[in-house]
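This report refers to the structure that appears directly beneath it.
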Amino acid sequence: MGLQVKKAARAILAGCLLVAMVIGVFPIQAPEAKAASDAVVNLNTKYQEIKGFGGMNHPSWIGDLTASQRETAFGNGDNQLGFSVLRIWIDSDSRNWYKEVATAKAAIAKGAIVFATPWNPPSELTETFNRYGDTKAKRLKHDKYAQYAQHLNNFVTFMKNNGVNLYAISMANEPDYGHEWTWWTPTEILNFLKYYAGSINCRLIAPESFSYNKTMSDPILNDSQALANVDIMGTHLYGTQYKDFVYPLFQQKGAGKELWMTEVYYPNSDNNSADRWPEALGVSDHIHNAMINNLQTYVWWYIRRSYSPMRENGTISKRGYCMAQYSKFIRPGYRRVQATENPNNGVYVSAYTGDGKAVIVAVNKGSSNISQKFAVNGQSISNVDRYRTTGSENLAKTSNLALDGNGFWAYLPANSVSTFVCTLKANTPSTGGSTVGTTLPNGWYCIKNPASGKYLQVEGNVGAAGQNVQAGAKTGSRGEKWYLTKLDNGYVTLTSALGDFMLDVSGAGTADNTNINIYHAYKGEAQQFKLKATSVAGQFGIMTKVTNDKSGLHLRVSDNTNVVQNGYWEGTNQVWTFEPTN
């Protein structure tokens, strides 16, 4: 009964937001209108980095995904969802942890990131208490916080030993909705984060409140000690009105942190099929509002369920196709860019860029078919393909839309969602602008600054997230060895020999003097670099993707040791050579 109670409460909250909807496909004879204004996309104005889209797997409650269902969820071919995020459960009993391994390994093999959430601590760490008359309410004992942190660490270690490197771990699921699990007050969360969370050896998510309850997260943002021990501010969106998706305090104080939506189903679950139309279109609209309000992930509750992206038989539902309009084309590391969000009544637009593409998603919630002009500023487009889901179409593709200047016209049927994948023309390289693709193969290198004779190395030869990167005398240590991997988009990653860490621009910062460190490998923009050939053969500037190649790795002149990011002019402290090594 417990799960059903939770579902009913969520359905009531979510239902309060819904307007009356006509069930069925859009009218064949819907009126057509020309958009009131152009939808203008500005590729030069960038916002949050997208971490991905995905859902929850919960073998203990509904059984594991099958091998073919994992392919459908995390593959990105035809009739696949292209999910890039998997959420898993941390059972309070460690004897059940093995159940999470198979699907997590399969997701990672497809390039997804995996994070984990606990509902309850081990029973010996909890106690009952009187919460507003409920004498059976459960909480973590206040003298067991250290043991709970170790419990989370044990899960991280177990998964790693079984081939799964978690991207992040959460401290609690919906601490403000503990009717069937463990309650946490804002003060208890704050105390745990301040005094115990620093020992957790993985990125930490908090607080994962039920409905973007900012009374749970505001205290974290307002406490520098607690905030220092949180990597990701997580929330659920059950019953949250669109006007409350905005979070000004996070924008003010959350620099260097990530902002994730870690669980939702929308608009309901209990009675409605995931194939009802146009109800399913609400998923695309919900994702749109999450993205334009700077959330970096969108994670569904169960991946496979009657109301979910995947039906119980493993096939994709209408809700799944509406989610795939984002997940298949907006890949991890893409950045949201400026776009006209509401160019016409009922039409809602968001845009993204990455891998040499501009991706535009347009949701037409209205009852009229719209002829919409899209204009792209900042880089020329050479080709546009369209994918569309309506009451009668699922990701229907039309290739090579006709271009109109640096833009295109598109037909947006009533009650539809369309994704436009625009291929961008490569910018003309400046002198000395050739990249790694024709010069260096994948492999291990020591990276040297010729002017100083110093080598790029991890300070203290310590493999840890956030560990500083500097330049120093060659020692032959693992901390000065880097594995170069060429990516399809012309960039490279540089993985440290110290473990699963990559060279990283701290906090994905774009300012001069942003520090360079190592961080858990996730291949986001902060971990992508382009090698720019200089006027001297074999020497390169190491340009940072977060600055659109305007800045590069820079050996700071003031101490001739620390390495930072600075505007690039091919100075002697900005060029590097790559020496092959074992």
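Keep in mind it's a predicted model, so treat the numbers as computed, not measured.
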Within the supplied structure, the quantity of interest is the number of heavy atoms (other residues, nucleotides, ligands) at a distance under 6.0 Å from [X] [atom1]; does it exceed 12?
X	atom1	answer
D488	CG	no
N79	CG	no
K523	NZ	no
N161	CG	yes
K105	NZ	no

| Going through the checks in order, is the side-chain contact (heavy atoms from CB on, under 4.5 Å) test met by W260 and V299? | CA-CA 9 Å; W260 286 22; V299 181; 5.7 Å; no
| request: Report the C-alpha separation of Y326 and H288 in whole Å, then their side-chain angles, then the decisive distance to 0.1 Å, and conclude whether the ring-ring contact (aromatic ring centres under 6.0 Å, His included) test is met. | output: CA-CA 9 Å; Y326 293 85; H288 166 82; 7.8 Å; no
Donor-acceptor pair between [X] and [Y] side chains, under 3.5 angstrom:
X	Y	result
T262	H236	yes
N57	E100	no
N313	T315	yes
Y242	D285	yes
T419	Q325	yes
S68	T66	yes
S418	R386	no
N415	K365	no
D64	T103	yes
T117	W89	no
Y247	S217	yes
T182	N120	yes

| task | In sequence, state the C-alpha distance, the side-chain angles, and the governing distance for Y265 and H286, and then conclude on ring-ring contact (aromatic ring centres under 6.0 Å, His included). | result | CA-CA 10 Å; Y265 53 73; H286 202 247; over 10 Å; no
Closest approach of [X] to [Y] (non-hydrogen atoms, all atoms of both residues):
X	Y	result
F83	A112	O-CB, 4.3 Å
L204	S170	CD1-C, 4.2 Å
M502	A521	CG-CB, 3.7 Å
G82	R331	O-NH1, 2.7 Å
L295	Q48	O-NE2, 3.1 Å
C322	A280	SG-O, 3.6 Å

| field | Full working for side-chain hydrogen bond (donor to acceptor under 3.5 Å, both in side chains) between Y348 and S350 | value | CA-CA 7 Å; Y348 301 92; S350 61; over 6 Å; no
Examine [X] together with [Y] and report whether their ring centres are nearer than 6.0 Å.
X	Y	value
F192	Y145	yes
Y167	F115	no
F374	F420	yes

Determine, for [X] against [Y], whether the closest basic-nitrogen to carboxylate-oxygen distance falls under 4.0 angstrom.
X	Y	value
R95	D93	yes
K99	D91	no
D500	K160	no
K144	E124	no
E393	K318	no
R319	E279	yes
E312	R304	yes

| query | Where do Y212 and N293 land on the side-chain hydrogen bond (donor to acceptor under 3.5 Å, both in side chains) test, with the steps shown first? | reply | CA-CA 12 Å; Y212 219 164; N293 284 291; over 6 Å; no
| Below 4.5 Å, heavy atoms only, C-beta onward: do Y307 and N272 meet side chain to side chain? | no
| Face-on cation placement of K328 at Y387 ring, 6.0 Å and 45° thresholds |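 Output no; distance or angle outside limits.
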| R131 to W183, cation-pi by 6.0 Å centre distance and 45° axis angle |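 Flagged: R131 positioned over aromatic ring of W183.
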| remark: The single option from W97, Y148, Y98 that satisfies ring pair (Phe, Tyr, Trp, His ring centres under 6.0 Å) with F155 is W97
| task | Check step by step if side-chain hydrogen bond (donor to acceptor under 3.5 Å, both in side chains) holds for Y411 and N369. | result | CA-CA 7 Å; Y411 172 70; N369 304 327; 3.1 Å; yes
| field | F53 and V85: CA distance, side-chain angles, deciding distance, side-chain contact (heavy atoms from CB on, under 4.5 Å) verdict | value | CA-CA 5 Å; F53 304 84; V85 180; 5.9 Å; no
| message | Is the ring pair Y302/H58 parallel, tilted or perpendicular, if the boundaries are 30 and 60 degrees? | response | perpendicular
Atom [atom1] of [X] and atom [atom2] of [Y]: how far apart are they, to the nearest 0.5 Å?
X	Y	atom1	atom2	answer
S368	L412	OG	CG	11.5 Å
L395	T390	CG	OG1	10.5 Å
T389	N394	OG1	CG	5.5 Å

| message | Run the ring-ring contact (aromatic ring centres under 6.0 Å, His included) test on F210 and Y238 for me, step by step, so that the C-alpha distance in whole Å, both residues' side-chain angles and the decisive distance to 0.1 Å come before the verdict. | response | CA-CA 6 Å; F210 175 64; Y238 293 108; 5.5 Å; yes
| salt bridge (Lys or Arg N to Asp or Glu O under 4.0 Å) between R87 and E208, worked out | CA-CA 13 Å; R87 185 182 187 223; E208 285 205 82; 3.0 Å; yes
| query | Should L65 and I303 be marked as a side-chain contact (heavy atoms from CB on, under 4.5 Å) after you check the CA-CA gap, both sets of side-chain angles, and the distance that decides it? | reply | CA-CA 9 Å; L65 296 178; I303 293 174; 4.2 Å; yes
| request: Could you check H520 against Y522 for ring-ring contact (aromatic ring centres under 6.0 Å, His included), going step by step and ending with a plain yes or no? | output: CA-CA 6 Å; H520 300 289; Y522 67 98; 9.2 Å; no
| request: Look at the side chain of N162 and the backbone N and O of F158, then say whether any donor-acceptor pair between them is shorter than 3.5 Å. | output: yes
| What's the verdict on side-chain contact (heavy atoms from CB on, under 4.5 Å) for T235 and M216, showing C-alpha distance, side-chain angles and the deciding distance? | CA-CA 10 Å; T235 188; M216 306 295 287; over 6 Å; no
